[in-house]
Amino acid sequence: MSNLPNNSGIVNLGGTNDISNNNLGGGTQINNHGVSPSPLSDVDTRSVEEKQRSRDVGVVTFLATEMRAVTEQLNLRTRKKIDGLFFSTGEVATDGGTVSVVATMTHSPGQRSVMSALDHLRRHFSPRLWILVGIGGGLHPEYARIGNVIVSTRIVYYDSRKIRGEGDAQRRGEERQAPARIVHAVNVYFTDRGEPAMIRGQADGHRKRTFEVHPGLIGSGEAVIADGDSDVHRFLEGYNDKVLAVDMESGGLSQYWQENSVGEEPNPDWVVVRGISDNADQEKNDDGHDLAAHNAAHVVKDLLPYLC
């Protein structure tokens, strides 16, 4: 049995060792130990262009009125066309620093279209936070008056239902909550600003008026509600008296977030900000759209230092 020492002075870290002009004795051995490279998940594979395009916040709207309000309030000017899609970008100065923002419109109202818009934002800009902003219908006669704003970290999707005999439907609410960090940030906003927080009107003809900002749940489904005595009203009032407004997009946002919360890619946080444009009743019309959209976009700007 050989008493020659074990020489382990050469280590291969995944490359090639080129050994030449060496005298090898009869008992000498060369062992090439390979070291596995770092997993791909640790490597940023984005191109330089993709890194330059990344933004802190991705904003989604579905009406032209909402998009105008967002670009005005957040001073978004640069319009980028990527893969045939248009995005408005800019930077917002806050007490905590500069926040980079990108905003886009959905193809159409509804849950499915908002999921597509979120996917476009994620693929092209990799935001750390999604904000769904725009108008909504008010359910609460005091808190959700026209022009007031609802900030929501909890969404109730109300259109899951069981159809029984003679057209009778039993609704089954699905509730989802934003990440704890966002819930905490919104709580601090209302701690600092008061509950309700107070803002001045942001649309012409309303700038001397004062409006309220409330935290609350939003009910989300597939239909425009223009009946104050609808079964949706009754269901949401019975489900939770903190459901203050309804829309047609928030359910898609919360569903998309939940389904993408697995995997190696970071999942952006989210929050919903709705300005009340009507009372979801027979008097529903478009008169309050501009006021509601501008007030909601203004609240988004106030929220950014807490969220980012």
Side-chain angles (χ1 to χ4, degrees), residues 41 44-92 98-136 152-153 155 157 176 178-179 181-182 218 220-222 247-275 293 296-297 300-301 303-304 307-308:
S41 60
D44 190 343
T45 59
R46 295 179 301 166
S47 67
V48 173
E49 182 183 6
E50 289 173 329
K51 293 177 183 178
Q52 291 174 341
R53 281 207 309 250
S54 64
R55 292 292 186 270
D56 297 319
V57 177
V59 175
V60 177
T61 69
F62 77 93
L63 291 178
T65 303
E66 299 169 339
M67 191 65 177
R68 284 195 298 271
V70 167
T71 56
E72 290 172 12
Q73 289 288 331
L74 303 184
N75 197 29
L76 306 183
R77 291 291 179 258
T78 304
R79 183 166 293 175
K80 295 181 179 291
K81 185 178 181 181
I82 305 172
D83 293 345
L85 304 169
F86 287 91
F87 303 91
S88 294
T89 61
E91 294 185 340
V92 180
T98 300
V99 178
S100 59
V101 179
V102 57
T104 191
M105 283 179 59
T106 63
H107 178 273
S108 57
Q111 317 290 349
R112 291 167 294 180
S113 191
V114 78
M115 289 183 177
S116 179
L118 293 169
D119 192 63
H120 294 322
L121 285 175
R122 185 172 195 169
R123 184 155 43 93
H124 294 301
F125 294 95
S126 303
R128 296 185 292 111
L129 170 68
W130 285 316
I131 303 179
L132 189 59
V133 57
I135 66 171
S152 183
T153 58
I155 304 301
Y157 182 74
R176 297 183 183 90
R181 189 188 73 83
I182 297 301
I218 289 179
S220 191
E222 306 291 345
D247 72 10
M248 295 173 59
E249 291 78 29
S250 297
L253 166 63
S254 61
Q255 178 75 25
Y256 184 89
W257 175 83
Q258 184 179 41
E259 292 187 6
N260 285 275
S261 61
V262 296
E264 296 178 350
E265 288 188 30
N267 202 26
D269 297 330
W270 62 267
V271 67
V272 179
V273 181
R274 290 300 194 196
V300 168
K301 185 175 182 179
L303 278 167
L304 285 181
L307 299 172
C308 298

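All values reported here derive from a predicted model rather than from experimental measurement.
- Between Tyr256 and Trp270, the distance separating the two ring centers is not shorter than 6.0 angstrom.
- Using a 4.5 Å heavy-atom cutoff, the side chains of Ile131 and Leu307 are in contact.
- Closest approach of Gln111 to Ser220, counting heavy atoms only: NE2-OG, 2.9 Å.
- The distance from the OG atom of Ser250 to the CD1 atom of Ile155 is 4.0 Å, given to the nearest 0.5 Å.
- Taking CG of Asp56 as the start and CG of Leu304 as the end, the distance is 9.5 Å to the nearest 0.5 Å.
- Of the possible donor and acceptor atoms, none in the side chain of Thr61 sits under 3.5 Å from a partner among the backbone N and O of Gly134.
- Counting only heavy atoms from C-beta outward, the side chains of Leu253 and Leu118 approach each other to under 4.5 Å.
- The shortest heavy-atom contact between Arg122 and Pro266 is NH2-O, 3.0 Å.
- Listed here is the closest heavy atom pair of Ala296 and Gly275: CB-N, 3.6 Å.
- No donor-acceptor pair under 3.5 Å is formed between the side chain of Ser116 and the backbone N or O of Ser113.
- Going from atom OG1 of Thr106 over to atom CG of Leu63 covers 8.0 Å, rounded to the nearest 0.5 Å.
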Let me check something: any side-chain donor-acceptor pairs from residues 80-90 under 3.5 Å, sequence neighbours excluded? List them with distances.
from	atom 1	to	atom 2	distance (Å)
Asp83	OD2	His124	NE2	3.4
Thr89	OG1	Thr78	O	3.4

| task | For side-chain contact (heavy atoms from CB on, under 4.5 Å), just list the numbers for Leu132 and Val114, CA-CA rounded to whole Å, side-chain angles, deciding distance to a tenth of an Å, and then say yes or no. | result | CA-CA 9 Å; Leu132 189 59; Val114 78; 3.9 Å; yes
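- The nearest pair of heavy atoms linking Cys308 to Leu129 is SG-CD2, 4.2 Å.
- Val133 places none of its side-chain heavy atoms less than 4.5 Å from the side chain of Glu66.
- Between Met67 atom CE and Leu76 atom CG the span is 7.0 Å, to the nearest 0.5 Å.
- The closest donor-acceptor contact from the side chain of Arg123 to the backbone of Leu121 lies at 3.5 Å or more, if one exists at all.
- Between atom NZ of residue Lys301 and atom CG of residue Asn75 there is a gap of 7.5 Å, rounded to the nearest 0.5 Å.
- Around the CZ atom of Arg79, the shell of radius 6.0 Å holds no more than 12 heavy atoms that belong to other residues, nucleotides or ligands.
- Across all non-hydrogen atoms, the minimal contact from Ser54 to Ser100 is O-OG, 4.3 Å.
- Note that the CZ atom of Arg274 and the CD atom of Glu249 stand 5.0 Å from one another [nearest 0.5 Å].
- Proximity of Val57 to Val59: side-chain heavy atoms (C-beta onward) are separated by under 4.5 Å at one or more points.
- In this structure, Trp257 contributes its side chain and Pro268 its backbone to a donor-acceptor pair below 3.5 Å.
- Residues satisfying the side-chain hydrogen bond (donor to acceptor under 3.5 Å, both in side chains) test with Ser108, not counting sequence neighbours, are none.
- Minimum interatomic distance between Ala69 and Ala297 (heavy atoms only, all atoms of both residues): O-CB, 3.7 Å.
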